[in-house]
Amino acid sequence: MIDVKEYIKEKLKSGTLHFTLLDPDPAKLTVENAKAIAKRLQNAGTDAFLIGGSTGVTTESLSAITVAVREATGLPTIYFPSDVHAISDEVDCMLFMSIVNSKNPKFITHYHAKAAPLVKMLNIPCIPMAYIIVAPGMTVGRVAEADLIDPDDVERAAGFAISAELMGMQLVYLEAGSGATSPVPPEMIEVVKMNIDIPLIVGGGIRTPEAAAAAREAGADIIITGTFVEQCSDDALLKAVVKAAKGI
Ligand code: 1GP
């Protein structure tokens, strides 16, 4: 099993990382497709795989996709939690995340209280993370009942990020929502990054080398792409986005 916290810490010494998001909803991704996509992304230079989605994920699909990705690439598999009922000890670690700008306490701490005993019993390594949803927010914004942060309201985003750090979170994720038409603005990334000392993850709507480079230049430590990697059949473009994210 890979120590993901250590892996991230070591890799960040040489620059920004790129993580690939795979949605293990069986209606969207088969094991065979997951293996093929994971291999292509490894060849493009991705550093790890986040596995998770807002709907339709089960323990079985999460385990099956995780094992497939691990066998195909040997890269870290990180659970990006979907549901309290989908928990697997196949993953290298789980992002134990609070959706800090949700209007519903279920997404801040209550689902966590339901899942925690099993997570602890299975001894799944966890990284505590604050998940901050910025407009448009897309499906996760709706499902998680987020009080969306306006893309211009950089101070509000920074406030959530700083409070997360003070609460002991080890990662902050600025999320525009999967498939967002506009990613988190570079100005917001810059201000949030300036105000925290923990790694900053940015995702949602990044699908061009320009957008990936803009997020990296603004200070993102880890850049996530999901929709783009699922849909892109052009290996050169895939590589260009990963390279732009990593600045190599
Ligand atoms: C969603 O940030 C991720 O949680 C990825 O978004 O699917 O738009 O790349 P995309």
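What you see is a predicted model, and the numbers here were worked out from it, not measured in a lab. The first residue in the sequence is number 1, and the count goes up from there. For the numbers below, each heavy atom of this structure counts, side chains included, while hydrogens, waters and symmetry mates do not. Just so you know, ligand 1 is whichever comes first in the structure, and atom 1 is the first atom listed for that ligand.
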Between Glu90 and Arg70, is there a side-chain N and carboxylate O pair less than 4.0 Å apart?
yes
Using a 4.0 Å heavy-atom cut-off, which part of Leu21 comes near ligand 1: side chain, backbone, both, or neither?
side chain
May I ask you to identify, for Arg207, whether its side chain, its backbone, both or neither come under 4.0 Å of ligand 1 on a heavy-atom basis?
neither
Checking side chain to side chain contact (heavy atoms under 4.5 Å, CB included) against Val100, which of Tyr131, Phe107, Phe160 comes through?
Phe160
Quick one: does Gly179 get an N or O within less than 3.5 Å of an N or O on ligand 1?
yes
Looking only at protein heavy atoms, what sits closest to atom 4 (O) of ligand 1 is Glu175 OE2, 2.4 Å
Hey, does Phe80 come in under 3.5 Å of ligand 1, counting only N/O atoms on both sides?
no
Distance in Å, Thr73 OG1 paired with Phe49 CZ, rounded so as to fall on 0.5 Å steps:
5.0 Å
Per-atom filter on ligand 1: closer than 4.0 angstrom to a heavy atom of Thr227 are 7 (O), 8 (O), 9 (O), 10 (P)
So, is Gly205 polar-close to ligand 1, with some N/O to N/O distance under 3.5 Å?
yes
For the residue pair Thr66 / Ser63, report whether a side-chain donor-acceptor contact shorter than 3.5 Å exists.
no
Check ligand 1 against Gly203 and write out every atom of the ligand that is under 4.0 Å from a heavy-atom position of the residue.
2 (O)
Does Arg156 come within less than 4.0 Å of Asp147, counting only side-chain N to carboxylate O?
yes
Under 4.0 Å, heavy-atom basis, I'd like to know which part of Tyr173 is in contact with ligand 1: side chain, backbone, both or neither.
side chain
Short side-chain to backbone donor-acceptor contact, Ser98 and Ile108, under 3.5 Å
yes
Provide, to 0.1 Å, the distance between atom 9 (O) of ligand 1 and the closest protein heavy atom, together with that atom's residue and name.
Gly226 N, 2.7 Å
Assess whether a salt bridge exists between Asp221 and Arg216, defined as any Lys/Arg side-chain N lying under 4.0 Å from an Asp/Glu carboxylate O.
no
Evaluate the ring planes of Tyr173 and Phe80, with Trp represented by its six-membered ring, and classify them as parallel (under 30°), tilted (30 to 60°) or perpendicular (over 60°).
parallel
Using a 3.5 Å cut-off on N or O atoms only, is Gly204 in polar contact with ligand 1?
yes
Counting both backbone and side chain atoms, is some N or O of Thr225 under 3.5 Å from an N or O of ligand 1?
no
